[in-house]
> 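Have a look at this one.
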Amino acid sequence: MKTMILSKLPSKSTRLRRCRFHFNLASDSSSARPFSSSTISTEKNDPTTQFQKTASNVCEVIRRKPRWESSILSLFPPSTSGIFHSICISLVIRRLSDSNPLLSFRYLLWLSSTSSSISLDPEAAGSFLNALSASRAWKPALHAIRSVKCLSEFSVLDPFVFHLCSDTRSIYCDNNLLYDLCDILESHSTELSLPSWNSILYASLITEKTDLFHRFYSMMIESGTDPDASTAGYLIRALCRDGEPTVAYHVLRDVSRKRIIPDVVSITQLISAFSKGGNFGRVSEILHLMIASGSQPDLFTYQEIINALCDGAGRTAMVDEAFRIFNDLKLKGYACDVVTYTTMIDGLCKSGRMEEALLLWSEMVANGIRPNNYTYNAIINGYCKSGNIDHARKIYDEMLSKGFKESTVSCNTMLAGLCLHGRLADAINLFAEMPKRGIHHDVITYNTLIQCLCKEGKTSDAIELYSSMLATSIKPSISTYTPLIMILCEEGRMTDAMELIKIMEAQGLEPLVCSNDFIISGFCRVGDAEKGMAWLSRMLQGNLKPRAETMDRLVECLCSLGQVDCALQVMKKMFDISYSVGSSVCHLLISKLCAVDSYQACQLLDEIVLVES
DNA sequence: ATAGGGTTAG
């Protein structure tokens with residue numbers, strides 16, 4: 001007991017001391033000065049004594065009178081009381097800051113509305129901002145900095161900025177804090193210390209304000225502050241978040257030439273970005289650079305690579321490579337954890353290698369790692385995809401019996417499994433069950449079932465489900481509309497299909513290219529070649545390439561309507577965008593043309609040969 | 001001392 005107290009106490013007091021160091025540096029060094037009898041004459045009519053008197057009276061009034069602003073000047077006439085003298089102002093600010101920071105803020109506001117330029121000593125300015133920082137009154141503090149010039153002096157502003165940006169919770173809560181800070185810094189072109197710049201950059205990064213990040217970063221560079229490893233790391237992370245891994249990579253190259261090595265987290269994010277983009281050549285390059293510069297990739301680094309290698313469902317070779325890295329990790333003594341195991345198990349499940357996945361599961365358990373929701377879901381998904389719904393169900397029940405709660409994701413997984421294997425009735429049943437079991441639907445739940453209903457030809461049920469979705473707070477996505485548009489086009493319900501396209505556009509959703517194909521084919525199906533052609537023009541204008549099949553259909557439709565010229569026009573449009581025309585379309589059109597006009601047929605043939613060469 | 005990692009449809 002005693003040792004516990006002893007071991008705890010010192011660390012706590014060190015922390016306290018450190019806090020005071022940051023917060024009260026200015027006030028500590030000066031606290032004695034105004035009242036120090038050794039430096040100031042004690043005569044009655046000494047001006048300093050006068051200011052002290054006024055200051056304490058002003059404080060009294062401000063503390064006691066609710067609406068002191070309206071009467072304070074009549075109580076303290078500026079010419080005789082010295083209320084606007086910098087010594088007096090500083091004294092009031094310091095006293096109020098100590099007891100009631102917001103009152104000192106109000107006093108400062110009043111000052112700035114009354115007197116054009118306020119001057120207070122840096123110590124008072126410092127304790128003012130420290131007091132507001134300590135009570136996390138960031139908005140008033142920023143407001144004060146904006147309106148009172150002496151608050152943006154380096155010695156006052158720098159610690160303030162550092163504390164503001166370290167309070168990540170407030171920054172998350174109030175989006176505008178960083179923007180306000182940015183505006184202030186841009187208008188003052190203040191210098192800041194490297195730690196302060198880094199804390200600003202970190203705050204911008206974690207709140208995903210990369211626009212701000214770059215503004216701050218330029219200010220930092222313009223102010224002549226040299227970035228360090230943290231700065232470089234944050235820059236790399238910001239660029240990765242912006243989808244600019246290549247730029248981030250060049251930053252990494254540049255700084256490592258100067259022997260500045262960003263932290264593993266940042267480099268891992270860069271590796272993650274290239275992994276997700278499938279650029280594994282670049283990934284191994286960065287790994288080499290990392291190792292050569294003396295920093296070791298860790299479990300997280302490899303985890304990103306393994307995950308990306310497992311991502312492509314059809315790429316079994318990549319899963320093999322992931323598995324190789326995974327096994328290599330174990331050999332090298334990395335402590336693979338539940339996430340690493342789950343990622344690998346999921347990769348194996350997704351490529352249909354259930355036996356290996358289950359072996360890994362056993363190995364994991366043997367190593368004392370408990371499977372969690374994610375692990376269970378990977379296996380359930382694996383069984384669902386391979387059509388073994390009953391096994392999936394068994395694992396699902398096991399998951400529940402182990403105390404893991406089912407979720408929207410686990411239900412969606414089962415739902416998709418049922419849908420995939422034609423068990424529509426069970427799927428509908430599960431959908432209805434979900435809310436009863438306290439599991440809410442989401443956009444994926446709806447999309448899965450809508451797609452399934454469309455696939456099974458239950459168009460009206462699909463539309464009904466879509467309508468009921470609109471009554472919820474769940475917003476439809478592109479994948480909600482794609483199967484609906486497809487089925488409507490297949491049924492020749494072009495008015496309804498076009499209606500959905502319009503709704504999508506109104507919701508800012510871009511129909512997939514294949515939906516455009518469906519529309520054209522649909523118009524052909526109902527013999528409306530004109531609308532089909534119009535839609536084709538729209539597609540081509542939007543730089544979308546129709547499928548060869550769609551073209552076949554349109555040419556076929558136009559030919560059957562005897563509109564060979566139009567068919568020819570379609571062909572020309574294809575040539576214009578140097579689209580390679582399928583041979584079946586060429587055959588069809590040329591044979592049609594031959595029947596009408598063999599000269600034109602020859603011309604077309606020439607052009608095809610020209611384009612294809 | 002701590003940061004960063006894995007799931008469902010298409």
Side-chain angles (χ1 to χ4, degrees), chain A residues 11 14-15 18 166 168 198 202 205-206 229-230 233-234 236-237 240-241 262-273 275-276 297-311 313 322 326 329 334 336-350 364 369 371-382 384-385 392 396 399 404 406-420 427 430 434 439-455 474 476-486 509 511-515:
Chain A
S11 79
T14 335
R15 206 163 53 214
R18 218 187 289 152
S166 307
T168 46
N198 280 340
Y202 182 70
L205 180 72
I206 60 166
S230 300
Y234 300 150
I236 287 169
R237 287 165 68 171
C240 287
R241 180 160 285 160
D263 55 313
V264 191
V265 176
S266 305
I267 302 183
T268 296
Q269 298 207 344
L270 184 58
I271 284 176
S272 168
S275 298
K276 291 198 170 85
D298 63 14
L299 190 62
F300 288 74
T301 317
Y302 288 113
Q303 157 73 31
E304 290 292 342
I305 299 168
I306 291 169
N307 189 35
L309 285 168
C310 287
D311 210 32
F326 175 79
L329 275 182
Y334 283 89
C336 288
D337 63 10
V338 63
V339 179
T340 334
Y341 269 102
T342 300
T343 305
M344 200 58 242
I345 288 171
D346 187 46
L348 291 167
C349 285
K350 284 196 175 114
M364 179 177 110
I369 301 163
N372 63 17
N373 290 340
Y374 289 85
T375 327
Y376 272 104
N377 205 61
I379 297 286
I380 293 165
N381 190 37
C384 280
K385 290 292 172 304
Y396 202 99
M399 174 181 84
F404 293 106
E406 58 178 347
S407 64
T408 302
V409 173
S410 66
C411 286
N412 286 349
T413 306
M414 282 303 295
L415 188 75
L418 295 168
C419 286
L420 186 65
L430 175 55
M434 283 173 68
I439 312 295
H440 62 261
H441 296 141
D442 69 1
V443 66
I444 296 177
T445 322
Y446 276 95
N447 290 356
T448 307
L449 195 50
I450 287 172
Q451 188 200 32
C452 183
L453 289 167
C454 291
K455 194 182 75 182
I474 303 162
S477 68
I478 296 174
S479 303
T480 314
Y481 292 101
T482 310
L484 289 169
I485 290 169
M486 183 185 77
L509 298 172
L512 292 184
V513 182
C514 72
S515 293

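Predicted model only: the values in this text are computed from it and were never measured. Each chain gets a letter, A, B and so on, in the order its sequence line appears, and its residues count up from 1.
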> Not counting sequence neighbours, which residues clear side chain to side chain contact (heavy atoms under 4.5 Å, CB included) with Asp346(A)? List them please.
Lys350(A), Ala378(A)
> Not counting sequence neighbours, which residues clear side chain to side chain contact (heavy atoms under 4.5 Å, CB included) with Gln451(A)? List them please.
Pro483(A)
> Sugar-phosphate atoms are those with a prime plus P, OP1 and OP2; base atoms are the rest. Using that split, label each nucleotide of nucleotides 3-10 of chain B B, S or - for protein heavy atoms under 4.0 Å, 5' to 3'.
BBBBBBBB
> With sequence neighbours left out, what residues match Ile478(A) under side chain to side chain contact (heavy atoms under 4.5 Å, CB included)?
Thr482(A), Met504(A), Leu509(A), Leu512(A)
> Under the rule for side chain to side chain donor-acceptor pair (under 3.5 Å), what residues qualify as partners of Asn373(A), not counting sequence neighbours?
none
> List for me each residue that meets side chain to side chain donor-acceptor pair (under 3.5 Å) alongside Tyr446(A), sequence neighbours excluded, and say none if there are none.
none
